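Residue numbers start from 1 in every chain, and the chains themselves are labelled A, B, ... in the order their sequence lines are given, proteins ahead of strands. Predicted model only: the values in this text are computed from it and were never measured.
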Amino acid sequence: MDKTSLMRNGLALLAQLLSGASSRWIDSQPDTCQRVYFANHTSHLDAIVLWSALPANVREVTRPVAAKDYWMKGAIRRYLATQVFNALLIDRTEIKVHQSPVDVMIREIGQQYSLIVFPEGSRGDGQEIGDFKSGLYYLAKKRPDLELIPVHLDNMNRILPRGQVLPVPLLSCITFGPPMWLETKEPKDAFLRRARNAVRQLKEI
Amino acid sequence: MLGGAFELRTLGLVGGVLILLAAATIFVRALRARNDSGLNAAVLETFRMRVHAWWVLCSILATTFFIGQTATVVLFGLIGFWGLREFITLTPTRLGDHRTLFLVFFLIAPLQFVLVGAENYPLYSIVIPVYAFLFIPALIAMAGDYKRFLERSAKIQAGLLICVYCLSYAPALLTLQLESGPEPKLPPGANTRLLFFFVLMVQFSDALQYAWAQIPSRHVIVPTINPTKTWEGLLGGSASATLIGGLLWWATPFQGSNWWMAAAMSLVISIMGFAGGLTLSAIKRDRGVRDYGTLVEGHGGVLDRIDSICFAAPVFFHFTLWWLKMQHIKQPWEG
C-alpha cells in the first residue's frame with residue numbers, strides 16, 4: 001500500500017471514529033459504477049464523512065465536490081482536498097459561461113469517477129433541508145446515465161455545526177437510498193423537488 | 001499486578017467463568033438445534049446474544065487484567081466515553097452547548113479516568129459532582145442561549161454522572177486498599193478478583209432477573225417504563241444472585257466468617273443493577289427509542305450493556321471501602 005492510500009484509509013477511519021457513523025443502504029448497494037451521491041448539508045465534515053462511509057474500492061473512484069475558496073485555504077486543507085480526497089474544487093467566485101460548475105464536473109469525472117454533491121449549496125441548520133439548486137438537474141440532463149443516489153446525513157450538525165471549529169464526537173447515521181434518474185421531459189422544479197423529498201424521506205426510515 | 005493476576009484463586013474464578021460460558025454456549029447451541037424445545041424463539045435469541053456479549057466482555061476483561069491496572073482503567077475510560085456519546089446523541093442539545101460538550105468529552109471525561117488511574121480518591125470522588133457540575137451551567141450561560149437552560153445543563157450533568165463518574169468506580173476497585181500499615185494493599189490479586197467478582201455479579205443478576213421474569217405469572221413493576229421488568233424477576237433474580245454471590249465468597253476479600261458479606265454485597269449489586277436498568281429505560285422511553293444502539297446498529301448499544309454496572313459500581317465501591325475500614329479496626333491483620 002503506497003503512502004497516499006495509507007493516508008486515505010487512515011483518514012477515512014479517523015472520520016468514521018470521530019463521527020461515530022453507522023451507514024445503512026436502503027434498497028441500494030455500494031457499487032463502483034458512475035454515480036452522483038447527493039446529500040443534505042449541515043457541516044464542513046459532511047463530504048469527508050460521506051466519502052469515508054463508502055467501501056474503500058468505491059471511495060477510490062468517488063470525488064467530493066467542494067468549494068475552492070474554503071479548501072484551498074492553508075496547506076493542510078489544500079493537501080487533504082487535492083491529494084487525499086481527490087476533491088473536485090469549484091470556484092464559486094469566478095463562474096464563467098463556458099466554465100459552469102456542471103461543465104467542470106462532467107469534464108472531470110470522465111467515464112470513471114462518481115461525485116458527492118450537496119445541492120442545497122450552503123450548510124443549513126440541520127432542521128429543514130433547503131431548496132435544491134439547479135446544478136443536479138443539469139448534471140442529470142447532460143449525463144442521463146449517472147445513477148443519482150440520495151443520501152441523508154443525520155446529526156452531523158451537532159458534531160461540527162456552522163461557525164464552530166471544535167468537533168464534538170457524537171454519533172451520526174448515514175442513509176443511502178435507492179438510485180433515481182431524471183424522467184423524460186420532467187420539468188426542472190419537479191425533479192429538484194422529487195430529489196429533495198428522496199433525501200428527506202430517508203430521515204424517517 | 002501481574003503476579004497477583006496469576007494467583008490461584010483468581011485463576012479459579014476466571015476458569016470457573018470460562019467453564020460456565022462454555023456450558024452456556026453448548027446449551028444454547030443444543031436448544032437452537034432442536035426446534036421443538038417449546039421455548040420462545042425471541043427469548044432464546046436474546047439469551048444467545050447475551051452469551052455472545054459475555055464472551056466478548058470476559059475476554060476483554062481477562063486480557064486487560066493480565067496487562068495491568070492502567071490498561072483496565074483505559075478500557076473502562078473508552079467504554080464510558082462511548083456510553084456518553086450514545087447518551088448525548090439521544091439527548092437534544094442546542095448550538096449553545098457545543099463548546100461545553102467539547103470540554104465534557106475531551107477534558108472532563110478523560111480527567112476522571114486519569115485521576116482514577118493516579119489513585120487520587122480525594123479528587124476523583126468530587127471533580128465531577130462538584131467542579132464539573134458548577135462549571136457546566138456556567139459555561140452554557142456564557143454561550144448566551146437561555147432557552148430550556150436548566151434542562152440542558154441537567155442533561156449533560158446526568159450523562160456525565162452516569163456514564164463517566166459512576167462507571168469510573170468500577171476500575172477504581174483496583175485501587176482500593178487498607179488505610180494504613182506497612183503493607184497497605186490488599187493481599188495479592190484481591191483487587192483484580194474484587195473487580196471481576198463485581199462485573200460477574202452484575203451480569204449474573206441481570207441475566208437471572210431476566211430469566212425469572214420469564215415465568216408465567218407476571219407482575220410488571222412499571223408497565224409504562226419497562227414491560228420486561230417484573231416483581232418475579234426482581235425478587236427471584238436478586239435472591240438467586242445473592243445465593244451465588246455467597247457461594248463465591250472465597251474469591252472476594254469478604255472472607256473468613258464473612259461469607260454473608262459477599263452475599264449481602266451481591267444483593268446490593270442486584271438491586272442497584274435493577275435501578276440502573278430502570279432509570280435508563282425511563283430515559284429511552286422519553287426519547288422514544290428502544291435501545292441506545294438504535295443509532296449505532298440494529299442491536300443494543302454500549303449504554304444498554306453498562307447501565308447496571310454504572311449504578312452498582314459507586315455503591316459497591318463505598319460499601320467495600322467501609323467494610324475494609326471496619327475490618328482494619330477490628331482485626332488489623334495487615335498491620
With rounding to the nearest 0.5 angstrom, report the [atom1] to [atom2] distance, [X] to [Y].
X	Y	atom1	atom2	value
Arg85(B)	Ser172(A)	CZ	OG	8.0 Å
Leu84(B)	Leu170(A)	CG	CG	8.5 Å
Leu95(B)	Gln164(A)	CG	CD	5.5 Å

How about [atom1] on [X], more than 12 heavy atoms from neighbouring residues, nucleotides or ligands closer than 6.0 Å, or not?
X	atom1	result
Tyr146(B)	OH	no
Phe149(B)	CZ	yes
Leu134(B)	CG	yes
Arg194(A)	CZ	yes

Identify the heavy atoms of [X] and [Y] that sit nearest to each other, and give their distance.
X	Y	answer
Pro167(A)	Phe106(B)	O-CE1, 3.6 Å
Ile159(A)	His98(B)	O-CE1, 3.2 Å
Phe102(B)	Val168(A)	N-CG2, 3.6 Å

Test item: Thr89(B) side-chain N/O and Leu171(A) main-chain N/O as donor-acceptor pair under 3.5 Å: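 Answer holds: yes.
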Side-chain donor or acceptor of Arg158(A) paired with backbone N/O of Arg94(B) under 3.5 Å: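 Not at all, since once roles are kept as given, no pair shorter than 3.5 Å links the two residues.
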Per-residue contact mode, Leu17(A) against chain B (heavy atom under 4.5 angstrom):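 Backbone only.
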Thr100(B) portion near chain A, given a 4.5 angstrom heavy-atom threshold: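 Thr100(B) has no heavy atom closer than 4.5 Å to chain A.
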For Glu128(A), all residues meeting side chain to side chain contact (heavy atoms under 4.5 Å, CB included), sequence neighbours excluded: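 Only Arg196(A), Arg200(A) meet the side chain to side chain contact (heavy atoms under 4.5 Å, CB included) criterion with Glu128(A).
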